[in-house]
Amino acid sequence: MRRFLLLYATQRGQAKAIAEEISEKAVTYGFSADLHCISESDKYDLKTETAPLVMVVSTTGNGDPPDTARKFVKAIKDKTLPPDFLAHLRLELVVEPWINGLWAALEKHFLSNRGREDTSETLTMASHASRDAVTPELLHVESQVGLLKLDDSGGKAAKVLEQNAVNSNQSSTLIVDFEASLTHSVPPLSQASLNIPSLPPEYLEVHLEEALGQEESHASVSLVDPVFHVPVSKAVQLTTNDAIKTTLLIELDISKTDFSYQPGDAFNVICPNSDSEVQFLLQRLQLADRREHHVAVTIKADTRKKGAALPQHVPERCSLQFLLTWCLEIRAVPKKAFLRALADHTGDSAERRRLQELCSRQGAADYTRFVREAGACLSDLLRAFPSCQPPLGLLLEHLPKLQPRPYSCASSSLFHPGKLHFIFNIVEFLSNTTEVILRRGVCTGWLATLVESILQPYMCANHVDGKKALAPKISISPRTTNSFHLPNDPSVPIIMVGPGAGVAPFIGFLQHREKLQEQHPGGHFGATWLFFGCRHKERDYLFRDELRHFLKCGVLTHLEVSFSRDVAVGEEEGPAKYVQDSLQRHSKQVAGVLLQDSGYVYVCGDAKNMAKDVHDALVEIISRETGVEKLEAMKTLATLKEEKRYLQDIW
């Protein structure tokens, strides 16, 4: 076996999963992967390594390395190292070779497409004989006959496309046209022979042992150190009851801890899974009567999994209830390897076939549509496929660690000594993979329920303590320091872009700046721009009074607010609906701050749409105001990023 060194660095487990997949597949190609986390520096030595090196590394936060790679990155950035350090390794940059290989791949794609256009496509049905043949490369799976499907609107049977009614001695065949779903496929997939992945080797032996009156070990549910258990001292609803999204502010009392932060920092909240979802899994796995049993996990003696190791996120001697509540990400979208394993624990042949389709090469589009994009989780699959009865060990092998959720600090310790504020929208969504279920975000739903007894309603934030009740406690941990901070030089101008809950860190910025200005009344402080946006002025204008105060006392020099759903009357050029529109309206000033005054721009909030739109707006502004092509403007913006003057805290 030809050995290579395979290192990974991960923040949420994705890079690790990819590295493990590479390691398992390597064997079939005649390679042996020596797999390690990059932080396990005692298990490998790059100075003496002679084999090829493969690294799988994710990024986190503002393009930073994951926590497990920070020590490695710091070590290789040491300026005292000789220039040929690690030159003996076959290390390869990602982008350049990928681009070089892109053209050949595109050429091949277009040539193959042209060939397909010149020939008529045919659907070849596998014969019964070929379906019985199983090879490592291709597993032919018997397709199932679909029944008539009742639609949800009125119970009408789906349209029958064809019915071959032959004489009474022969059976009739129904070809039914129904839409594909998580549980049903349509031709050609439903009739195809399938390439399905090989079965992942099981490697964990799990025993449930009666507690016998012993106290349960509530080992730390987070490998992050340190963890602080702090009381919630205040909870306020920042939006009206008829707002589309409900936003809450929570104040934590950190006065009796040595937890410290500065504006722009984020921290982790350690949260549990929904109790109702945990109870469903216990019932569905037929383990409800053993929920208080201790979970004992060992490596199977006869496992074929190379480098099998016990999952670090499963504490010793914890109860089954504790395991499912605090340790496993039961909402995780199942990977194809998990679907493949679940198929082998599914009794009904039609259900087993569908699970095989979803993890097959031919079913890739269905997997994307009905599993990944639908956000399906294990509970959804168990509802959809009633005959699926996986053992507990399979869950431990395939469900990742329940990750703490990061939140931006929305306060300054100068302004609120001994306190830490953060805000969040209560995430609510309909899961309709098989049946319509209203779900809340794992952490936001838990926090909302936790603070119900002390929650102050909208517009009562500045009143006395409000509701009196026993303050609930939560566990938090600091996140590695990032660069999303105010400039060291307060005379430098800043632009802040934060619609909705994205305004959180900027409240901390402005509180901090107000205190600094009080402490240095003769000091020179640069201009501060805030571009804020929400749907409705009267429903979800977060921190309206505070922002007006900052504007009045000169801490905030420019406040530009856009309302995307309000209809404005009497404005000549029409209202600015979004923050990117406001930026465009102040194009000259924005360009001046960034290009002439060496200012900073901060963007916080939604990564999917807002951050991209703001980025595009900045490119247009630089292009227009400097008279350069957009490509050159993009390079300018990239330089600002490198100089840590264009900073993003997006999710």
For side chain to side chain contact (heavy atoms under 4.5 Å, CB included), just list the numbers for L248 and L447, CA-CA rounded to whole Å, side-chain angles, deciding distance to a tenth of an Å, and then say yes or no.
-> CA-CA 9 Å; L248 303 187; L447 286 170; over 6 Å; no

Where do E277 and R331 land on the salt bridge (Lys or Arg N to Asp or Glu O under 4.0 Å) test, with the steps shown first?
-> CA-CA 9 Å; E277 291 176 43; R331 283 266 190 94; 2.7 Å; yes

Decide side chain to side chain contact (heavy atoms under 4.5 Å, CB included) for I270 and I474; before the verdict, give the C-alpha distance in whole Å, the side-chain angles of both, and the deciding distance to 0.1 Å.
-> CA-CA 7 Å; I270 298 166; I474 68 172; over 6 Å; no

Start with the C-alpha gap between S412 and H512, add the side-chain angles, then the distance that decides, and say whether side chain to side chain donor-acceptor pair (under 3.5 Å) holds.
-> CA-CA 5 Å; S412 162; H512 200 75; 2.9 Å; yes

Let me see the working for V427 and V442 under side chain to side chain contact (heavy atoms under 4.5 Å, CB included), right down to the final yes or no.
-> CA-CA 9 Å; V427 178; V442 173; over 6 Å; no

Full working for side chain to side chain contact (heavy atoms under 4.5 Å, CB included) between I330 and L378 = CA-CA 6 Å; I330 62 176; L378 176 63; 5.8 Å; no

Step by step, work out the salt bridge (Lys or Arg N to Asp or Glu O under 4.0 Å) result for E329 and R405.
-> CA-CA 12 Å; E329 188 86 64; R405 271 39 177 184; 2.9 Å; yes

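Of all heavy-atom pairs between I244 and R535, the closest is CD1-CD, 3.3 Å. The two residues L486 and Y602 have their closest heavy-atom pair at CA-OH, 3.5 Å. Contact between F338 and P334 at its shortest, heavy atoms only, is CD2-CB, 3.8 Å. Annotation for F484 and V603: closest pair CE1-O, 3.8 Å, computed over non-hydrogen atoms. Shown here for H398 and A341, the closest heavy-atom pair between the two residues is NE2-CB, 3.9 Å. Across all their heavy atoms, Y261 and S413 have their closest contact at OH-N, 3.5 Å.
Atom CG in L647 sits 8.5 Å away from atom CG in N482 (nearest 0.5 Å). Residue F4 holds its CZ atom at 8.0 Å from OG of S32, rounded to the nearest 0.5 Å. In this structure, Q596 CD and Q589 CD are separated by 11.5 Å, a value rounded to the nearest 0.5 Å. Within the model, atoms OG of S274 and CG of L324 stand 12.0 Å from one another, a figure rounded to the nearest 0.5 Å. Interatomic distance, I650 CD1 to M610 CE, rounded to the nearest 0.5 Å: 7.5 Å. Separating the SG atom in C443 from the CG atom in L450 is a distance of 10.0 Å, to the nearest 0.5 Å.
A side chain to side chain donor-acceptor pair (under 3.5 Å) with N425 is found for exactly one of T246, T444, T247, namely T247. Screening L530, V503, V601 for a side chain to side chain contact (heavy atoms under 4.5 Å, CB included) involving M496 leaves a single residue, L530.
The closest donor-acceptor contact from the side chain of D84 to the backbone of A87 lies at 3.5 Å or more, if one exists at all. In this structure, the side chain of R645 engages the main chain of G599 through a donor-acceptor pair within 3.5 Å. A donor-acceptor pair is defined here as one N or O able to donate and one able to accept, closer than 3.5 Å; no such pair exists between the side chain of S23 and the backbone of A19. D540 places no side-chain N or O within 3.5 Å of a backbone atom of K245 that could act as its donor or acceptor partner. Within the 3.5 Å criterion, the main-chain N or O of I622 finds a donor-acceptor partner in the side chain of T626. A donor-acceptor pair under 3.5 Å is absent between the side-chain atoms of T325 and the main chain of P272, judged by distance alone. Of the possible polar contacts, one joining the H88 side chain to the K47 backbone as a donor-acceptor pair under 3.5 Å is found. Judged by distance alone, with hydrogens and angles left aside, the side-chain atoms of D78 form no donor-acceptor pair with the main-chain N or O of A75 at under 3.5 Å. R439 places no side-chain N or O within donor-acceptor distance of the main-chain N or O of S431, the cut-off being under 3.5 Å. Distance alone, capped at 3.5 Å, is enough to place a donor-acceptor pair between the E397 side chain and the Y203 backbone.
Between H313 and L402, every side-chain heavy-atom pair lies at or beyond the 4.5 Å cut-off. Put simply, the side chain of Y8 does not reach to within 4.5 Å of the side chain of I22, judged on heavy atoms. Side-chain contact between I476 and F259: present, with at least one pair of heavy atoms (C-beta onward) separated by less than 4.5 Å. With a 4.5 Å cut-off on side-chain heavy atoms, I507 and S411 do not count as touching. Between D265 and H485, some side-chain heavy-atom pair lies under the 4.5 Å cut-off. With a 4.5 Å cut-off on side-chain heavy atoms, L542 and C534 do not count as touching. Residues L595 and T636 form a side-chain contact, since some pair of their non-hydrogen atoms from C-beta on lies under 4.5 Å apart. Using a 4.5 Å heavy-atom threshold, the side chains of L6 and V56 count as touching.
Using a 30° and 60° split on the angle between ring planes, H615 and Y646 fall in the parallel class, below 30°. Below 30°, between 30° and 60°, or above 60°: for H558 and W529 the angle between ring planes is below 30°, a parallel geometry. Taking the six-membered ring for Trp and thresholds of 30 and 60 degrees, H586 and F531 have ring planes more than 60 degrees apart, a perpendicular arrangement.
A donor-acceptor contact closer than 3.5 angstrom links the side chains of R624 and S587. Side-chain contact annotation: D649 with S408, donor-acceptor N/O pair under 3.5 Å present. For Q648 and K641, the side-chain atoms include at least one donor-acceptor pair closer than 3.5 Å.
With a 6.0 Å radius and a threshold of 12 heavy atoms from other residues, nucleotides or ligands, M55 has its CE atom above the threshold. Applying the 6.0 Å contact sphere to NZ of K336 captures more than 12 heavy atoms from other residues, nucleotides or ligands. For K419, the NZ atom is densely surrounded, since the number of other residues' heavy atoms within 6.0 Å is greater than 12. Counted within 6.0 Å of CD on E629, heavy atoms from surrounding residues, nucleotides or ligands total 12 or fewer; the atom is thus considered open.
Taking the centre of each ring, F532 and F506 stay at or above the 6.0 Å mark.
Between E49 and R3, at least one side-chain nitrogen of the basic residue sits less than 4.0 Å from a carboxylate oxygen of the acidic one, meeting the salt-bridge criterion. Taking 4.0 Å as the cut-off between side-chain N and carboxylate O, D67 and R70 count as a salt-bridged pair.
For the pair R2 and F31, the cation-pi test (distance below 6.0 Å, angle within 45°) is passed.
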